[in-house]
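Data block below; observations after.
Quick note: numbers below take in every heavy atom, side chains included, and nothing from hydrogens, waters or symmetry partners. Please read all numbers here as calculations on a predicted model, not as lab measurements.
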Amino acid sequence: MSNGTMSQLTPAPDAWNFAPDEALLGLSALSVRSVLGSIKAGMDPSSDRPVIPLGHGDPSAFPCFRTAPEAVEAVSAALHSGKHNSYPTGVGLEPARRSIARHLSLDLPYELSPDDVYLTSGCSQAIEIVCSVLAGRPGAHNILLPRPGYLFYEARAAFNGMEVRYFDLLPDSDWEADLGAVEALADRNTVAMVLVNPGNPCGNVYSYDHLAKVAETARKLGIFVIADEVYAHLTFGKNRFVPMGVFGSVAPVLTLGSVSKRWVVPGWRLGWIVTNDPNGVFRRTKLVESIKSYLDISCDPATFVQGAIPELLANTKQEFFDKTVEILRQTADICWEKLKGISGITCPSKPEGSMFVMVKLDLSCLQDIKDDMDFCCKLAKEESVVVLPGCAVGYKNWVRITFAIGPSSLEDGLDRLKSFCSRHSETKNSVVQQDLP
């Protein structure tokens with residue numbers, strides 16, 4: 001081939017410019033994975049002190065949080081059967097969808113059908129699909145998100161060119177949604193609001209009455225609710241878990257869930273989108289059709305995991321769930337009691353669900369700490385304890401702590417956190433004393 005031909009085939013340099021949009025780079029930098037990676041990068045690799053991971057919601061490495069043997073047996077049986085080695089259908093295997101519909105219907109005043117269930121590669125893909133489908137509808141749209149919250153929603157919405165607007169969760173009211181703000185933010189282009197229950201990152205569990213008000217607000221505004229219920233039934237406080245789908249006849253609900261948290265298997269990547277819509281709004285407006293179309297051009301959960309779902313749901317003993325919740329209750333109690341005695345931080349409410357608690361930093365009490373990211377980086381470097389800065393959940397100068405680890409490791413980590421805060425508080429006090437006349 002001649003040089004002239006080569007030059008004709010070689011693209012101009014600009015055609016090879018794959019630099020991502022600056023806004024997307026900013027969102028990526030604030031993802032939980034990216035933020036925790038940045039914090040860990042500053043740690044001393046030569047330290048022989050064990051790292052205490054209080055920054056992410058994956059307790060599967062701790063023996064006390066090992067998944068149910070029935071779940072392992074279900075996956076093993078699906079593999080050994082030889083029946084689940086082929087491609088699945090786009091919406092997911094029918095037996096798996098039927099089992100999930102039956103399982104979720106136990107908490108609802110109506111019956112779901114397999115046609116209400118769409119399988120995804122974890123809850124993250126469910127979020128991706130919902131945001132992509134909403135953004136793909138004609139016209140400009142916006143979506144209402146909670147603050148603090150899971151910024152993956154904002155990232156996926158921004159990636160698809162959809163506007164996001166934030167309503168606050170109120171720390172002095174058990175992190176209830178500010179529904180007055182929801183009404184003020186919504187306009188004719190608002191399509192949905194997101195509610196996470198049990199709460200990530202706040203550890204709250206919404207009451208039946210509050211969820212009823214959310215549904216009525218959505219009905220009044222003519223929007224639907226995206227209910228992120230990946231931590232469903234992981235509750236240990238005064239409020240039992242109530243699925244948002246209970247109010248599906250008031251306002252239509254898209255429920256997102258997975259086996260990741262309740263079964264403690266986030267690596268299995270099996271989630272779902274469920275239409276809680278007895279009045280058929282999603283079908284009339286073609287939302288269901290759009291979800292199916294998107295699933296036809298996206299990747300699927302592993303077929304053998306889908307094949308395991310019927311036995312996993314049918315055979316897992318209640319004792320496993322009770323044990324998991326009891327450990328979370330114990331570790332939440334440990335976290336709550338120990339946080340009370342740490343200077344420079346305040347915890348507004350005791351966690352009652354999920355795996356997390358939000359605590360507020362009092363930077364006026366802490367020397368040489370600029371903000372929440374600085375706090376987390378220095379804590380990791382000095383004490384080998386990793387927590388998540390509030391900037392990763394949209395809440396500056398707060399931190400999110402997970403208590404879903406082994407109890408002894410949690411106590412060790414919180415003792416190190418106390419030492420860190422005490423040491424930096426003492427430094428601050430000594431500086432103040434020196435400045436006195």
message: Between E229 and M244 (side chain of the first, backbone of the second, donor and acceptor by atom type, cut-off under 3.5 Å), is there such a pair?
response: yes
- prompt: For the side chain of T303 and the backbone of S86, is there at least one donor-acceptor N/O pair under 3.5 Å apart?
  reply: yes
message: Does this structure show an ion pair linking D187 with R165, if we count only N-O contacts that are shorter than 4.0 Å?
response: yes
query: Roughly how far, to the nearest 0.5 Å, is the OH atom of Y294 from the CD1 atom of I297?
result: 6.5 Å
statement: side-chain contact (heavy atoms from CB on, under 4.5 Å) test vs V399 passes for just one of V357, L361, L54, namely L361
- request: Rounded to the nearest 0.5 Å, what's the gap from CG on L179 to CE on M193? Could you check?
  value: 6.0 Å
message: If we count only N and O atoms by modelled type, under 3.5 Å, do the side chains of S207 and D209 hold a donor and an acceptor together?
response: no
message: I'd like to know if E183 pairs up with K220 as an ion pair, taking the criterion as any Lys NZ or Arg NE/NH1/NH2 lying under 4.0 Å from an Asp or Glu carboxylate oxygen.
response: yes
statement: When rounded to the nearest 0.5 Å, the distance separating CG of N204 from NE2 of H210 is 8.5 Å
message: Go through it in stages, so that I can follow the logic: the residues are L295 and S298, the test is side chain to side chain contact (heavy atoms under 4.5 Å, CB included), and I'd like the CA-CA distance, side-chain angles, deciding distance and then a yes or no.
response: CA-CA 5 Å; L295 286 166; S298 64; 4.1 Å; yes
task: Please determine if R329 and D333 form a salt bridge, counting it only when a charged side-chain N lies under 4.0 Å from a carboxylate O.
output: no
query: Under 4.0 Å between a Lys/Arg side-chain N and an Asp/Glu carboxylate O for E94 and R98?
result: yes
query: Does the pair V274 and L254 meet the rule for a side chain to side chain contact (heavy atoms under 4.5 Å, CB included), with working shown?
result: CA-CA 6 Å; V274 172; L254 280 183; over 6 Å; no
field: Closest non-hydrogen atom pair, Y153 against C131
entry: O-SG, 4.0 Å
query: Would you call D412-R416 a salt bridge at under 4.0 Å N-O?
result: yes
field: Over all atoms of both residues, closest heavy-atom pair of C64 and P407
entry: SG-CD, 4.2 Å
- prompt: So, for L144 and A186, which heavy atoms are closest and what is the spacing to 0.1 Å?
  reply: CD1-CB, 4.2 Å
message: I'd like to know whether F62 forms a side chain to side chain contact (heavy atoms under 4.5 Å, CB included) with S409, so could you lay out the CA-CA distance, the side-chain angles of the two residues, the decisive distance to 0.1 Å, and finally the verdict.
response: CA-CA 10 Å; F62 293 89; S409 296; 3.8 Å; yes
query: Is L388 close to L36 at the side-chain level, that is, under 4.5 Å between some pair of heavy atoms?
result: yes
- prompt: Do E216 side-chain atoms and L211 backbone N/O form a donor-acceptor pair below 3.5 Å?
  reply: no
task: Would you kindly say whether S99 and H103 are connected by a side-chain donor-acceptor distance under 3.5 Å?
output: no
task: Using side-chain contact (heavy atoms from CB on, under 4.5 Å) as the criterion, point out the one residue from L134, N189, L185, V191 that pairs with N142.
output: N189
field: Lys/Arg N to Asp/Glu carboxylate O, E111 vs R102, below 4.0 Å
entry: no
- prompt: What's the spacing between K340 NZ and C335 SG if we round to 0.5 Å?
  reply: 11.5 Å
- request: Could you tell me whether D415 and K338 make a salt bridge, using a distance below 4.0 angstrom between a side-chain N and a carboxylate O?
  value: yes
message: Donor-acceptor pair, distance only, cut-off 3.5 Å: does the side chain of T402 make one with the backbone of M355?
response: yes
message: Looking at L312, is its backbone amide N or carbonyl O close enough to the side chain of N315 to form a donor-acceptor pair, meaning the two atoms are under 3.5 Å apart?
response: no
task: Could you tell me whether K370 atom NZ has more than 12 heavy atoms of other residues or ligands within 6.0 Å of it?
output: no
message: Looking at K83, I want to see if its NZ is surrounded by more than 12 non-hydrogen atoms of other residues, nucleotides or ligands under 6.0 Å.
response: no
Distance (rounded to the nearest 0.5 Å) between D116 CG and L104 CG: 10.0 Å
statement: All heavy atoms of C123 vs all of S258, minimum pair found to be N-CB, 4.2 Å
message: Under 6.0 Å from the ring centre and within 45 degrees of the ring axis: does the NZ or CZ of R147 meet both conditions for the six-membered ring of Y395?
response: no
query: What residue among F356, F241, Y206, W263 forms ring-ring contact (aromatic ring centres under 6.0 Å, His included) with Y231?
result: F356
message: Within the 4.5 Å heavy-atom criterion, are V359 and I401 side-chain neighbours or not?
response: yes
Minimal non-hydrogen separation, L287 against V133, with atom names: CD1-CG1, 3.4 Å
message: With ring-ring contact (aromatic ring centres under 6.0 Å, His included) as the rule and sequence neighbours excluded, what pairs involving residues 265-284 come up?
response: F224-F282
query: Should the pair E289-K292 be classified as a salt bridge under the 4.0 Å nitrogen-to-oxygen rule?
result: no
- request: Could you tell me whether the side chains of D277 and T275 share a donor-acceptor contact shorter than 3.5 Å?
  value: no
- prompt: If you count the non-hydrogen atoms of other residues, nucleotides and ligands that lie under 6.0 Å from CZ in R240, is the total more than 12?
  reply: no
field: Donor-acceptor pair between S349 and D174 side chains, under 3.5 angstrom
entry: no
- prompt: Taking side chain as C-beta onward, heavy atoms only, is S38 less than 4.5 Å from M373?
  reply: yes
- prompt: Where the side chain of S173 meets the backbone of L170, is there a donor-acceptor pair that is under 3.5 Å apart?
  reply: no
- request: Output, in order, the C-alpha distance, side-chain angles, deciding distance and verdict of salt bridge (charged side-chain N to carboxylate O under 4.0 Å, His left out) for K378 and D374.
  value: CA-CA 6 Å; K378 287 176 177 172; D374 190 37; 3.2 Å; yes
task: Any chance you could lay out the side chain to side chain contact (heavy atoms under 4.5 Å, CB included) test for L195 and D228, step after step, and finish with the verdict?
output: CA-CA 6 Å; L195 201 70; D228 186 326; over 6 Å; no
task: Mark yes or no for whether N160, through its side chain, and R156, through its backbone, hold a donor-acceptor pair below 3.5 Å.
output: yes
query: Do other residues, nucleotides or ligands put more than 12 heavy atoms under 6.0 Å from the NZ atom of K381?
result: no
- prompt: salt bridge (charged side-chain N to carboxylate O under 4.0 Å, His left out) between E326 and K323: does it pass, once the steps are laid out?
  reply: CA-CA 5 Å; E326 183 56 33; K323 176 189 172 187; over 6 Å; no
Residue pair N239 / Y208, side-chain donor-acceptor N/O under 3.5 Å: no
message: For V281, is there any backbone N or O sitting under 3.5 Å from a side-chain donor or acceptor partner on N279?
response: no
task: Report the distance from atom OG of S260 to atom CG of L270, rounding to the nearest 0.5 Å.
output: 8.0 Å
query: Hey, is CZ on R137 packed in by over 12 heavy atoms from elsewhere, all under 6.0 Å?
result: yes
Contact summary for G413 and V385, nearest pair of heavy atoms: O-CG2, 3.9 Å
message: Quick one: does any side-chain atom of E352 pair with a main-chain N or O of T235 as donor and acceptor, under 3.5 Å?
response: no
- request: Dump the intermediate steps for salt bridge (charged side-chain N to carboxylate O under 4.0 Å, His left out) on R400 and D372, then the final yes or no.
  value: CA-CA 10 Å; R400 188 192 76 174; D372 52 322; over 6 Å; no
message: Under a 3.5 Å distance rule, please check whether S47 uses its side chain to pair with a backbone N or O of D44 as donor and acceptor.
response: no
